[in-house]
Structure formats: structure tokens, C-alpha cells
Amino acid sequence: MSLIVLCSATGAPGVTTTTLALGWVWPLVFPDRRVLVVDADVAGSGILPGYLQAGVPAGMGVLGLAAERAPITPDAVLEHCVALDPSEDRLVLTGITDPAQARALWPVWSGLVEAARDLGASGVDVLVDLGRLGHRHEPTLLVEQADVVAVVLGSTLASVSGAVSGLRALRDTRGPGPSTGAVVVGRSDPYTPGEIARELSLQHLPVVAHDTWAAGVLSTGGGLGWRFERSALLRSARALATGLMAGVDVLVPGAGS
């Protein structure tokens, strides 16, 4: 299983953009793998009204899975996804638009954890956009069972301070170790990645580029092409994908040997 969760501790530092960028580059970095991006932000989706332009058939996504009231199998998960490309290497399981809908989703998160094991074995890695930590209906099971969890933050004092608290809580839940880390988005202003890493007690802190144009493509849709593929955002996402999967490999006996 490869279940990777991205979240934030404060504000809106770019969790959705980072997750979508990872989802786009994933099959390019790992040509033998497909990827499923799960929108698990219980405060409300940024993917559905943004990148997908609300162009999703009725009955799809996490709400469609919940409505089935049936065991959540890998096939059921895939049937409720939206493909982002003709080859269906990039899939999205869309989320909710109203936080009130989150109350009914606990069986979905539980089933998704189990389904992710079989999906991983069949070549589909799962990336989760969890949104901001601390929501009353937060899918904590995804956090507890993920192979890797990364807090996405900016370089501002408020964002770094929040990430310190968020990482402490995650480490209390998941235990210490390299499977719980962080990603900084944007320019080194006012703090550098090295300074932030020391504050977070991390040996390494990946950086996702500040790229307004490419981020706009992922937030509003359209504009795909050679310029997008070569953008600073996607180049940094490639490096991040490699680092996250390396974190997964550390947890798998014999991986990479």
C-alpha cells in the first residue's frame, strides 16, 4: 500500500495545489504506477469547484460511495472516480462542498484505508488532500494509517508556528520517525527551508516552488501543455514525489533492495 496524506495546520498554504501537482507528475515519475487523488477535506472541496469546474456526474466521489451503503472495495472506489486523462493513470475521488456532509463519511474513510492496500498492490498509489487539521469530522483514520503524512506550510511565522504544533500532534498520534514530515511552499521569506527544518526538528524539508501561473492552472483548470509540464511547480513536484515514495519505501521491509 502507498497511502500518502497531505494536510495543513493553519491557513491555506497550498495543500490542494500541492496534492494536484503531485497527482499530475506521479505517473511521469513512476511510469509503472497509477495515482488516485482523494479529496478528504471535510471543510469543503477545493478540487470540485476549481480544477474540475464542477463537471462531475451525479453519484460520484466520496458522497456516492457513502450513498451505496455497501462494502467499499477497490473496484467500488475506482467506479466513483473521475479520470483526468484518457489513459486513466490520474484519478480523482471528489470530496464534499458542504461541511455538514462530513458527518456521513466515516465509513468511507474506514473502507478507503482497507481498499488502499489492494489498490497499492494493483499499481495504484493513493494521495489524500486532508485539508486543515483539527476539524471535528476530520478523517483521523487516514492520518493514523497512512504510510506517510506531510504537513504543508508556508515560510511565515504564523505558518511555521502552526506546523510546529501540528507536527507535535501528529507525532503523538503516529509516533516519531521519518514517516511524518513537512513540505514548505513558496519563497524563503522570511525564513529559509533550513531554518524551518530546524524549528520542526526535521533533517530534510522539501520545497514546492511558488509558481502563480501553474498553480492557477491547477486551481481553475485548463492551460495544460508543454509550458505547464515544464513549470517550476511541476519540476518541484517531481522531486517531492520521489522523496515521499522514499519515505514509503523505508517502511516496507526489503523495499529498494
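A 4.5 Å side-chain heavy-atom check between L93 and D39 finds every atom pair outside the cut-off. Looking at R117 and Q145, their side chains come closer than 4.5 Å, going by heavy atoms from C-beta outward. Between L63 and H80, the closest side-chain pair of non-hydrogen atoms is not below 4.5 Å. In this structure, V92 and C81 have side chains that are not in contact, with every pair of non-hydrogen atoms separated by 4.5 Å or more.
Side chain of T173 to backbone of E144: no donor-acceptor contact under 3.5 angstrom is found. Distance alone, capped at 3.5 Å, places no donor-acceptor pair between the S201 side chain and the A197 backbone. The closest donor-acceptor contact from the side chain of S231 to the backbone of F228 lies under 3.5 Å. Listed for the D147 side chain is a donor-acceptor partner under 3.5 Å among the backbone atoms of L3. Looking only at distances, a side-chain donor or acceptor of S159 sits under 3.5 Å from a matching main-chain atom of G154.
Listed by first and then second residue, the salt bridge (charged side-chain N to carboxylate O under 4.0 Å, His left out) pairs involving residues 62-85 are D85-R90 (not counting sequence neighbours). For residues 196-219, the set of pairs meeting the salt bridge (charged side-chain N to carboxylate O under 4.0 Å, His left out) definition, not counting sequence neighbours, is empty.
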For residues 98-106, dump all side-chain donor-acceptor pairs below 3.5 Å to protein atoms at least two apart in sequence or in another chain.
| unit_1 | atom_1 | unit_2 | atom_2 | d |
| --- | --- | --- | --- | --- |
| D98 | OD1 | A100 | N | 3.0 |
| Q101 | OE1 | T97 | N | 3.3 |
| Q101 | OE1 | D98 | N | 3.2 |

Side-chain donor-acceptor contacts of residues 9-18 below 3.5 Å, not counting sequence neighbours, with atom names and distances?
| unit_1 | atom_1 | unit_2 | atom_2 | d |
| --- | --- | --- | --- | --- |
| T16 | OG1 | D129 | OD2 | 2.6 |
| T18 | OG1 | G14 | O | 2.7 |

Donor-acceptor contacts under 3.5 Å from residues 160-169 side chains, at least two apart:
| unit_1 | atom_1 | unit_2 | atom_2 | d |
| --- | --- | --- | --- | --- |
| S161 | OG | L157 | O | 2.9 |

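If you chain together hydrophobic residues whose side chains sit under 4.5 Å apart, L28 and L233 never meet in one group.
Residues forming a ring pair (Phe, Tyr, Trp, His ring centres under 6.0 Å) with F30 (at least two apart in sequence, or on another chain): W26. The side chain to side chain contact (heavy atoms under 4.5 Å, CB included) check on R34 picks up E88, D89, L91, V124, with sequence neighbours excluded. By the side chain to side chain contact (heavy atoms under 4.5 Å, CB included) test, V207 pairs with V184, P193, sequence neighbours left out. A67 pairs by the side chain to side chain contact (heavy atoms under 4.5 Å, CB included) definition with nothing, not counting sequence neighbours.
In summary, the side chains of R174 and T180 do present a donor paired with an acceptor at a separation below 3.5 Å, with no hydrogens or angles considered.
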